[in-house]
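One structure is given below, encoded as structure tokens.
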Amino acid sequence: MNRMLEILSAGPAVTVQDEGRPGYLAFGLSRGGAADWLALAEGVALLGQGPGLAALEMAGFGGTFAVTEPIRIALTGAPMRAALDGVSLVWNASHLVLPGQRLSIGAVEAGVYGYLSLGGGIATGPVLGSRAAHLTAGLGRCIAAGDRLPIGPDGGAGVGLRLEAGGHAGGGKVRILPTAQTAMFSPEDRARFEATVFRRDAAGNRQGVRLAGAEPFATAGQRSLLSEIVEPGDIQMTGEGVPYVLLAECQTMGGYPRIASVVPDDLPFVAQAAPGDSLRFRFVTLEEALADHRARRPGGKPRVATRRLLRDPREMADLLSYQLISGVTDGGREGEA
């Protein structure tokens, strides 16, 4: 395979990620995959290709890359400083990279995880049905300078698309569902949890993030709890009463009580909250969450709206609303009759 992505330099936490490994929870392996599944879906939409392909996930910092053949790329997730041969690239958009050009992706500007998707996807060998690195399980590793990653055949065409509404960094309001242990917390503590404006703590990784900004939460009978299955999105209370939101590479069993679980459609907002960003949680019913989920996924696919980076005047129904000419002169010099 001649289609290769060459890694000239890489940040400390750049990994290959896809949709992960569902179905192995009973064997002690969490699903893993992209921390921000929505950013992965946005890359798919920008490149016009099917789901399931692997991309590069870049936590905090990207790297420098080259290609051996013309490769379409999409940049999604947390915005990062990106340039092609020194010329800035628009984030949340698709572009073309040619052999001999250097793609540079620098520090994150907001959020945590940026994504570099490629036409055809990264085609490294799958393990247990996925190409995703699962660092806590010892599957795969971080990408390093000198690596050459194979790229699959690109069945799509075209570049120059951007997202209509890309990006979900910066925290915000997050919907949560009750768990089997929510009732163990007093009504006062549940109300206080919803009323609290939490800050994403500096402690956090692909396993989960710690929330700060509240007095400890406690339950009745916490010490008698047995360990049971946990999943990404679950909000556990540690023995100190500090909440942690579990993410893609979380453990599969836990003994801490869970006050709630984040609605999966909102989990990207938690994953992309940088240290210091604010998060506020609101209980919803399962029926509300399911109705919204179905509306967001017509035909089973996430709804992602795109438009052209440069609009074609022939397709602009609102063309006459633009001021195309700001003034008219007779061509003479100022002051002449």
Side-chain angles (χ1 to χ4, degrees), residues 1-8 10 14-22 31-34 36-58 62-77 82 84-85 89-105 113-134 139-163 166 299-309:
M1 183 179 293
N2 295 322
R3 291 166 52 83
M4 307 290 291
L5 178 70
E6 298 179 334
I7 314 301
L8 306 181
V14 178
T15 57
V16 174
Q17 296 295 339
D18 56 20
E19 296 177 342
R21 299 175 176 84
R31 178 174 184 143
D36 181 352
W37 64 265
L38 180 54
L40 208 64
E42 290 170 341
V44 165
L46 287 170
L47 294 174
Q49 54 192 8
L53 299 181
L56 280 190
E57 179 180 277
M58 304 168 289
T64 310
F65 312 95
V67 298
T68 57
E69 291 188 9
I71 300 287
R72 299 185 307 136
I73 67 166
L75 303 170
T76 60
L84 188 61
D85 282 349
L89 294 179
V90 175
W91 200 262
N92 287 322
S94 60
H95 309 275
L96 179 66
V97 180
L98 301 175
Q101 293 183 316
R102 180 168 294 196
L103 172 64
S104 301
I105 302 178
Y113 299 100
Y115 292 83
L116 170 60
S117 298
L118 305 108
I122 297 173
T124 50
V127 177
L128 297 178
S130 169
R131 296 179 169 89
H134 195 307
L139 299 175
R141 61 173 175 82
C142 291
I143 299 303
D147 288 341
R148 302 179 83 241
L149 303 178
I151 307 301
D154 188 356
V159 291
L161 291 179
R162 71 180 304 168
L163 299 178
K301 296 181 180 179
R303 178 188 296 157
V304 179
T306 63
R307 64 180 174 86
R308 291 184 179 178
L309 272 172

Specify the closest pair of heavy atoms between [X] and [Y], including all atoms of both residues, with the distance to one decimal.
X: Tyr115; Y: Asp36; answer: OH-N, 3.0 Å
X: Gly119; Y: Arg3; answer: O-NH2, 2.7 Å
X: Leu53; Y: Asp18; answer: O-CB, 3.9 Å
X: Trp37; Y: Pro302; answer: CZ3-CG, 4.0 Å
X: Gly114; Y: Trp91; answer: CA-CZ2, 4.2 Å
X: Leu96; Y: Leu84; answer: O-CD2, 3.5 Å

Within-4.5 Å side-chain heavy-atom neighbours: [X] and [Y]:
X: Leu89; Y: Leu103; value: yes
X: Arg21; Y: Leu139; value: yes
X: Arg148; Y: Ile7; value: no
X: His95; Y: Val159; value: no
X: Leu56; Y: Leu149; value: yes
X: Val14; Y: Met58; value: yes
X: Val127; Y: His134; value: no
X: Leu75; Y: Ile105; value: yes

**Prompt:** Which residues satisfy the side-chain contact (heavy atoms from CB on, under 4.5 Å) test with Thr64, sequence neighbours excluded?
**Reply:**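 Partners of Thr64 by the side-chain contact (heavy atoms from CB on, under 4.5 Å) criterion, ordered by chain and then number, come out as Leu8, Ser9, Arg102, Ser104.
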**Item:** Partner residues of Thr15 under the side-chain contact (heavy atoms from CB on, under 4.5 Å) criterion, sequence neighbours left out
**Value:**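 With sequence neighbours excluded, Thr15 shows a side-chain contact (heavy atoms from CB on, under 4.5 Å) to Gln17, Glu57, Ala133, Leu135, Cys142, given in chain and number order.
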So, taking the atom named [atom1] in [X] and the one named [atom2] in [Y], what distance separates them when rounded to the nearest 0.5 Å?
X: Leu116; Y: Ile122; atom1: CG; atom2: CD1; value: 7.0 Å
X: Ile143; Y: Phe65; atom1: CD1; atom2: CZ; value: 9.0 Å
X: Asn92; Y: Leu309; atom1: CG; atom2: CG; value: 10.5 Å

Using salt bridge (Lys or Arg N to Asp or Glu O under 4.0 Å) as the criterion, list what pairs up with [X], not counting sequence neighbours.
X: Glu19; result: none
X: Arg141; result: Asp147
X: Arg72; result: Asp154

All N/O donor-acceptor pairs, side-chain side in residues 40-51, below 3.5 Å, sequence neighbours left out:
residue: Gln49; atom: OE1; partner: Gly120; partner atom: N; Å: 2.9
residue: Gln49; atom: NE2; partner: Leu118; partner atom: O; Å: 3.2

**Item:** side-chain contact (heavy atoms from CB on, under 4.5 Å) partner of Pro150, chosen from Thr124, Leu5, Thr68, Asn2
**Value:**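 Among Thr124, Leu5, Thr68, Asn2, the one that satisfies the side-chain contact (heavy atoms from CB on, under 4.5 Å) with Pro150 is Thr124.
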